[in-house]
Student: 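My questions will all concern the structure given below.
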Amino acid sequence: MSEFIQNPKHQDQVWMQRAITLAKLGQYSTKPNPNVGCVIVKNGQLVGEGFHPKAGQPHAEVFAMREAGEHAKGATAYVTLEPCAHYGRTPPCAKGLVEAGVAKVVVACPDPNPLVAGKGVQILKDAGIDVEVGVCEAEAHQLNLGFLKTMATGMPYVRLKVASSLDGRTAMASGESKWITGREARQDVQHWRAISGAVITGIETVLADDCQLNVRQLNGVEDLSTVVQPLRIVLDRQGRLPLTAKILEQSETVMVMGPYRKELEDLGVIQLQTQPLKELLQTLAQQYQIYDVLVEAGATLSTAFLKEQLVDELISYVAPTFLGQTARAMFNAEFSLMAEQLRFKLIDVTQVGNDVCLKLIPSSQETV
């Protein structure tokens, strides 16, 4: 690593990679805030580093500047996201970097948040600080897909997770679906829940599986109290959710879209009137600051999200088993023409235990 750091061509990339690694330390705890990492370097030596751990706590730059102290003067700061320019729960980091006397700031991703959107960079430039934007931008962008999309478009980033057999079946004819995939794949899903602000499912899935859809175990995380649990959202247009459902054991993190029910209000459940899926997503982003949504549902709801082009990423776990033609299909759309097909681009494939995890994006969204 030292050879790369001594080479000016690679120096910025190496230090930004360190900042990206730091940012990931907050991936389960910062919601709704973005994941951000920062390192401060002087004369080729690391003098300070930090990451944003939780909403309301200091930002990554603050921790890095505290550690650097007087060494920050004349140093270079590497930040994965444009330093904030506004007063919120914490003061603007751009002004903090100016006051610390850094000579240069290298930014991976610009921040489309209207409260920032170039203002952080401008504050730095106005103070005579050299600013470079775009170093390792693609990798840093992956840290905050939901935050960046919502700030730019007003819509959250939607991941659709499915688990199927080799013949594309997700449940038996009776609705039984426990378990198609193995333990390792089910454990992997905990990560997707943990980085999501909300998990959406349909009432049929709750009735069939009595699922909880919360985060119960994470690889590398011993204290789950540090994890911001996702809001569990049940689409229940006919008001069939049983009060004995396991998902209601933590009712304060449950939302139900459907007819108003006094008994749910008494449990502290958030209730929403029935609305189209796109409007629901807009409501989640704009009223509840939910920027990443995971859909874990049956064929009907999954198909609806796909046909309405609301899915940004498809996460498909495939188990090496056959369930037969009477088992329930993964999707229930009916197409008569090849032109109607929904095409995807494969962006990653990983073996998880005895199963395979495919990550795909719609072909129309390859630039996401």
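Note that the structure is predicted; figures quoted are calculated from it, not measured.
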Student: Any link between Val269 and Ile200 through a network of hydrophobic side chains (Ile, Leu, Val, Met, Phe, Trp, Tyr) touching at under 4.5 Å?
Tutor: no
Student: Nearest 0.5 Å, what's the SG-CZ distance between Cys38 and Phe51?
Tutor: 13.0 Å
Student: Using a 6.0 Å cut-off, check whether atom CD of Gln341 has over 12 heavy atoms from anything other than its own residue.
Tutor: yes
Student: Is there a donor-acceptor pair closer than 3.5 Å between any side-chain N or O of Thr80 and the backbone N or O of Gly37?
Tutor: yes
Student: When you group the ILVMFWY residues by side-chain heavy-atom contacts below 4.5 Å and let the links chain together, are Val318 and Val295 in the same group?
Tutor: yes
Student: Are there over 12 heavy-atom neighbours, none belonging to Asp266, within less than 6.0 Å of that residue's CG?
Tutor: yes
Student: Can you tell me if NE2 on His71 sees more than 12 non-hydrogen neighbours from other groups inside 6.0 Å?
Tutor: no
Student: Side-chain contact test, heavy atoms from C-beta onward, threshold under 4.5 Å: evaluate it for Phe344 versus Ile361 and give yes or no.
Tutor: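 Phe344 does not reach Ile361 side chain to side chain.
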Student: Check this for me, if you would: do Lys359 and Glu313 make a salt bridge, where the nitrogen-to-carboxylate-oxygen distance has to be below 4.0 angstrom?
Tutor: no
Student: Between Arg193 and Glu296, does any side-chain N to carboxylate O distance fall below 4.0 Å?
Tutor: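 Glu296 and Arg193: salt-bridged.
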Student: Between Thr226 and Asp223, what is the shortest heavy-atom contact and its length?
Tutor: OG1-O, 2.8 Å
Student: Which value, rounded to the nearest 0.5 Å, describes the distance between Leu97 atom CG and Leu124 atom CG?
Tutor: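 One gets 6.0 Å once the value is rounded to the nearest 0.5 Å.
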Student: Could you measure the distance from the CG atom of Leu272 to the CD1 atom of Ile233? Nearest 0.5 Å is fine.
Tutor: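 Taking CG in Leu272 and CD1 in Ile233, the distance rounds to 7.5 Å.
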Student: Start with the C-alpha distance between Lys104 and Glu132, add both sets of side-chain angles, then the distance that settles salt bridge (charged side-chain N to carboxylate O under 4.0 Å, His left out), and finish with yes or no.
Tutor: CA-CA 8 Å; Lys104 181 177 181 180; Glu132 182 175 356; 3.6 Å; yes
Student: First locate atom CE of Met257, then atom OG1 of Thr283, and finally report the distance between them rounded to the nearest 0.5 Å.
Tutor: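 Separation between the atoms: 9.5 Å.
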Student: Mind checking whether Leu306 and Leu160 have side chains closer than 4.5 Å, heavy atoms only?
Tutor: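 Yes - at least one pair of side-chain heavy atoms lies under 4.5 Å apart.
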Student: How many angstroms lie between CD in Glu263 and CG in Leu248, if you round to the nearest 0.5 Å?
Tutor: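 If we round to the nearest 0.5 Å, Glu263:CD and Leu248:CG are 10.0 Å apart.
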Student: When you compare the side chain of Phe322 with that of Ser165, does any pair of heavy atoms fall below 4.5 Å?
Tutor: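 No, too far: nothing below the 4.5 Å cut-off.
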Student: Would you say the side-chain atoms of Thr150 pair up with the backbone N or O of Met155, donor to acceptor, closer than 3.5 Å?
Tutor: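 Pair found, side chain donor or acceptor close to backbone of Met155.
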Student: Between Gly202 and Ala297, which heavy-atom pair has the shortest distance, and what is it?
Tutor: N-CB, 4.1 Å
Student: Are any side-chain N or O atoms of Arg232 and backbone N or O atoms of Gln250, one a donor and one an acceptor, separated by less than 3.5 Å?
Tutor: yes
Student: Would Leu207 end up clustered with Leu267 when hydrophobic side chains under 4.5 Å apart are linked, directly or stepwise?
Tutor: yes
Student: Measure the spacing between CD of Glu184 and SG of Cys357 and express it to the nearest 0.5 Å.
Tutor: 13.0 Å
Student: Salt bridge or not between Glu49 and Arg18? Use side-chain N to carboxylate O under 4.0 Å.
Tutor: yes
Student: For the residue pair Asn35 / Thr30, report whether a side-chain donor-acceptor contact shorter than 3.5 Å exists.
Tutor: yes
Student: Above 12 or not: heavy atoms from other molecules or residues under 6.0 Å from CD of Glu252?
Tutor: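 Yes, enclosed.
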Student: If you define the side chain from C-beta out and look only at heavy atoms, does anything of Tyr288 sit under 4.5 Å from Ile270?
Tutor: yes
Student: For Tyr317, does its backbone N or O pair with a side-chain atom of Asp355 as donor and acceptor, under 3.5 Å?
Tutor: no
Student: Can Leu235 be reached from Leu310 by stepping across I, L, V, M, F, W or Y side chains whose heavy atoms are under 4.5 Å apart?
Tutor: yes
Student: Between Gln271 (side chain only) and Leu264 (backbone N and O only), is there a donor and an acceptor less than 3.5 Å apart?
Tutor: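 Side chain of Gln271 to backbone of Leu264: no pair is present.
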Student: Contact between His191 and Ile195 at the side-chain level, heavy atoms closer than 4.5 Å - yes or no?
Tutor: yes
Student: Atom CD of residue position Glu249 - does it have more than 12 heavy atoms of other residues, nucleotides or ligands inside 6.0 Å?
Tutor: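 Counting other residues, nucleotides and ligands, CD of Glu249 exceeds 12 neighbours.
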Student: Can you tell me if CD on Gln325 sees more than 12 non-hydrogen neighbours from other groups inside 6.0 Å?
Tutor: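 Incorrect, the count does not exceed 12.
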Student: A quick test of your reading: do over 12 heavy atoms of other residues, nucleotides or ligands sit less than 6.0 Å from CZ of Arg240?
Tutor: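 It does: Arg240 CZ has more than 12 such atoms within range.
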Student: May I ask you to test the Ile203-Gln238 pair for a side-chain heavy-atom distance under 4.5 Å?
Tutor: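 Of all side-chain heavy-atom pairs linking Gln238 with Ile203, none is under 4.5 Å.
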Student: If I compare all heavy atoms of Pro110 with all of Leu148, which pair ends up nearest, and what's the gap?
Tutor: O-CD2, 4.1 Å
Student: Strictly distance-based, threshold 3.5 Å: is any side-chain N or O of Gln229 a donor or acceptor partner for the main-chain N or O of Val215?
Tutor: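 Judged by distance alone, yes, a pair lies under 3.5 Å.
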Student: Can a side-chain donor-acceptor contact be found between Asn332 and Thr300 if the only test is distance below 3.5 angstrom?
Tutor: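 On atom types as modelled, these side chains qualify, holding a pair under 3.5 Å.
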Student: Starting from the C-alpha separation in whole Å, work towards a yes-or-no answer on side-chain contact (heavy atoms from CB on, under 4.5 Å) for Leu231 and Val199.
Tutor: CA-CA 6 Å; Leu231 186 66; Val199 179; over 6 Å; no
Student: So does Arg216 get a backbone contact from the side chain of Gln190, meaning a donor-acceptor N/O pair under 3.5 Å?
Tutor: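 Yes; judged by distance alone, with no hydrogens or angles, the pair exists.
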Student: Provide the closest heavy-atom pair for Pro32 versus Ala55 in the form atom of the first, atom of the second, distance.
Tutor: CD-CB, 4.3 Å
Student: Can you check side-chain contact (heavy atoms from CB on, under 4.5 Å) on His59 and Val36, steps first, answer last?
Tutor: CA-CA 8 Å; His59 291 180; Val36 183; over 6 Å; no
Student: Test side-chain contact (heavy atoms from CB on, under 4.5 Å) on Val41 and Val47; report intermediate values, then the result.
Tutor: CA-CA 6 Å; Val41 179; Val47 295; 6.0 Å; no
Student: Strictly by modelled atom types, are Gln17 and Glu139 linked by a side-chain donor-acceptor pair under 3.5 Å?
Tutor: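 Gln17 vs Glu139: donor-acceptor pair found between side chains.
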Student: Hey, is Asp312 close enough to Arg159 for a salt bridge, meaning N to O under 4.0 Å?
Tutor: no
Student: Do Ile123 and Val121 come within less than 4.5 Å of each other through their side chains, counting heavy atoms only?
Tutor: no
Student: Going hydrophobic residue to hydrophobic residue with side-chain gaps under 4.5 angstrom, can you get from Leu360 over to Val349?
Tutor: yes
Student: How close do Asp111 and Phe147 get, counting heavy atoms only, and between which atoms?
Tutor: OD1-CE2, 3.5 Å
Student: Strictly under 6.0 Å, is that where the ring centroids of His52 and Phe63 end up?
Tutor: no
Student: Are Met16 and Val106 packed together at the side-chain level, in the sense that at least one heavy-atom pair is separated by less than 4.5 angstrom?
Tutor: yes
Student: Given Trp192 and Ile315, is the side-chain contact (heavy atoms from CB on, under 4.5 Å) satisfied, shown in steps?
Tutor: CA-CA 9 Å; Trp192 301 115; Ile315 303 168; 3.6 Å; yes
Student: Looking at Gln273 and Gln275, would you say the former's side chain and the latter's main chain have a donor-acceptor pair under 3.5 Å?
Tutor: no
Student: For the pair Thr201 (side chain) and Thr205 (backbone), establish whether a donor and an acceptor sit closer than 3.5 Å, ignoring hydrogens and angles.
Tutor: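 Not confirmed, Thr201 side chain does not pair with Thr205 backbone.
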Student: Does any N or O in the side chain of Lys31 come within less than 3.5 Å of the main-chain N or O of Val228, such that one atom is a donor and the other an acceptor?
Tutor: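 Between the backbone of Val228 and the side chain of Lys31 there is a qualifying donor-acceptor contact (under 3.5 Å).
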Student: What closest approach, in Å, do Ser29 and Pro53 show between heavy atoms, and which atom pair accounts for it?
Tutor: OG-O, 2.5 Å
